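All remarks here apply to the structure that follows.
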Amino acid sequence: MYAELNSILNASPDNCKQGEFTLISDRKADASFLVHHFLSFYLRAGCKVCFLGLAQSFSHYSAVAQRLGVSLTQAKEKGQLVFYEGLKDCLGVLLREGSTHESPTLDFLRPHCSDLKGLYDFVSSSVARVGDAAGTGPWAPPVLLVDDLSVLLSLGVSAGAVLDFTHYCKATICTELQGNMVTLIRCEEEEEEQGDEQGSDVLLKGLIHQCSLALQVQGLLTGYCKHIHGEVEVWWRGVANGMQMQKKVLQYKVHDKGAVFFARGTSSVVL
Amino acid sequence: MAAPMKNTSAPAGLSFNSTSFQKKSRSKLVSIPGTRPSVQNGQLLVSTGVTSLDYVIGGGLAVGTLLLIEEDRYDSYSRMLLKYFLAEGVVCGHELFVASAWDHPDEILQELPAPILDDVASVTSMEDQAQSCDPDNPESMKIAWRYQNLPKVQTALASSARFGHYYDVSKTMDADILQRSKIHMFFLPEEAHSETGALSPMTEAYASLLKSIHGVIHKEGFDGATPQSKVRNIMRLGLHSLGSTLWGDDLCCREKPTHGHALTTFLYALRGLLRSSLTVAMVTIPSHLIQNRAVMGRITRLSDTAIALESFRGSDRETNPLYKDYHGLLHVRQVPHLNCLVCEVPDSKDLAFKLKRKQFTIERLHLPPDLSDTVSRVSKVDLAAGCGSIATGNKHLDF
């Protein structure tokens, strides 16, 4: 959880907004530091978190969260965090061909299934357990975190299927359960051709339309710099709170325990 | 700093829940030969065989990660890097797995460069050592008798504990050194074709390669399935020229390939295998043949460390005086940050490489100072003409 980012977004763990769909996208930069921020933020806020960690292993997220002051193993044991590790489970599907499948979550890797219904069923079952009276404790509204959606595109899922998935998740989590959603999508460096239906740019446009807050991370236009890692454009899209379509651009630098954000041209290296 | 290693002795109740990144609170260091913990985040690193490449990617290759090399146009330097990687594995005593669809892995292994060892003397076996400690040995020292009972200097062949070695490219590795290490091979034309049909987005070739790698890892116990009674070791995977048409993949032929997601699915599954075992992989890909640049971006993001080689051979840069000291450019596409938010970021991204006989050097590309030729030439002409010419007249027209 980065304190500066909280003040920029006007969010705090004590009263986090509800029904928000936050989209994080990057181009020529790595925006995964924002995923770690939101993970520790929502765990501190006491929300029930369902995390689809498709890009890295559990120990990576756990080690980074440790530096940010949150323990993922404890949260998992308490039942606050439901963690899905994509790297581990895909081997079960891809190596055991022909035998009957146990878990339908990664059904899209099987040849005759092209939608993400199995993944959606997993998500809805994990967040639906919020209302359990027995022992799990009163968690705040559920949160879904996806890291990241472009892995699904690399595994052969079409952009339309991913948009269907996010639409269903938004309807269930943000509208019905008044929870929040955060997804990361990583885009290509060069602009893709116009006729490319499966590209990440098509998916990005669709997701921006669906989301209520977009954080677009880009590398610096002038090239590589050791002290300024890139730019973040914060775009408030929702019409709630009276903030209509406001945009703000900041530069950032990631360090060991967090990230610092500053206005363009005011980095400590420059001044 | 506690180096993260796997639990050396898992208690009976716990199942072996492992990735090689698991941090331990107690620093029970199990030293595997040829590895060292990283100074940045305690990750276990192995050397790629080229010390300057180790420096460029942040100290070494972390165990459990994937190094992607985009091949240069004629696959000369990327193949050299693959051979360095495998040679380093042999010298450190790691197990090897070599997969290729073009040359037989035996041919690649015959070409490994010979390591430059510190001591030119022959290998001393354990029996010789025991004999030298015998006080009645006629070779007992008379002057330096205090050093009598110390062991003799060993050459580096007995499982070197050093990190990073140097190799002589003009010689090939001796066959007896090669035989000491366990090598698994996968040669695609020799593999049995299973007629199961397409059960996953991967092509048949990638699926059988994945199965073979998984089988070897499981059988040799690198994923901790069998209790490790013997000394722990690392396995190095060298996969040559994935994505080329010989693997049954038309990624390099067409702009809209039919198996567009075969290679990316394979890399994802491979990384899943690597994360849960003590293995390191180096994959070379002929990226200059891939026409769809978006796919290259996805492949880069699916691997951990990614570098690209661009050699000057055959291009007009070969004769460019700016590049005369180097054989090509090296682009670092991606450096991973594992278990931490940020990695050590390099100062400059303009790197060039040169393959010398004893070293593969990677240096920052310096532009030479701009000394234009006309400046020096005019002064020389003045001096020469001053001796024999008459006072007036244009010097350049004197003849």
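None of these values were measured; they are calculated from a predicted model.
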Check your understanding: So, T258(B) and D250(B): side-chain donor and acceptor under 3.5 Å apart, yes or no?
Key -> yes

**Study point:** Heavy-atom contact with chain A under 4.5 Å, split by part of R301(B)
**Key:** side chain

Review point. Relative to chain B, which segment of L91(A) carries a heavy atom at a distance below 4.5 Å: side chain, backbone, both, or neither?
Key: side chain

Point to revise | H36(A) portion near chain B, given a 4.5 angstrom heavy-atom threshold | key: side chain

Practice item. Would you mind checking which part of L68(A) comes under 4.5 Å of any heavy atom in chain B, side chain (CB onward), backbone (N, CA, C, O), both or neither? Key: side chain

Review point. According to the salt bridge (charged side-chain N to carboxylate O under 4.0 Å, His left out) rule, which pairs have a member within residues 149-165 of chain A, sequence neighbours left out?
Key: none

Point to revise | Pair D147(A), Y61(A): side-chain N/O donor-acceptor within cut-off below 3.5 Å | key: yes

Point to revise | Partners meeting ring pair (Phe, Tyr, Trp, His ring centres under 6.0 Å) with Y2(A) (sequence neighbours left out) | key: H37(A)

**Study point:** Among S32(A), C90(A), A65(A), residue most engaged with chain B (heavy-atom pairs, under 4.5 Å)
**Key:** C90(A)

**Study point:** Within 45° cone of F261(A) ring axis and under 6.0 Å: K253(A) NZ or CZ
**Key:** no

**Study point:** Part of I299(B) lying under 4.5 Å from any heavy atom of chain A
**Key:** neither

Point to revise | Sidechain-backbone polar pair: T22(A) side chain, V182(A) backbone, donor-acceptor under 3.5 Å | key: no

Revision key, fill the gap. Whatever's closer than 4.5 Å to a heavy atom in chain B on S62(A) counts as neither

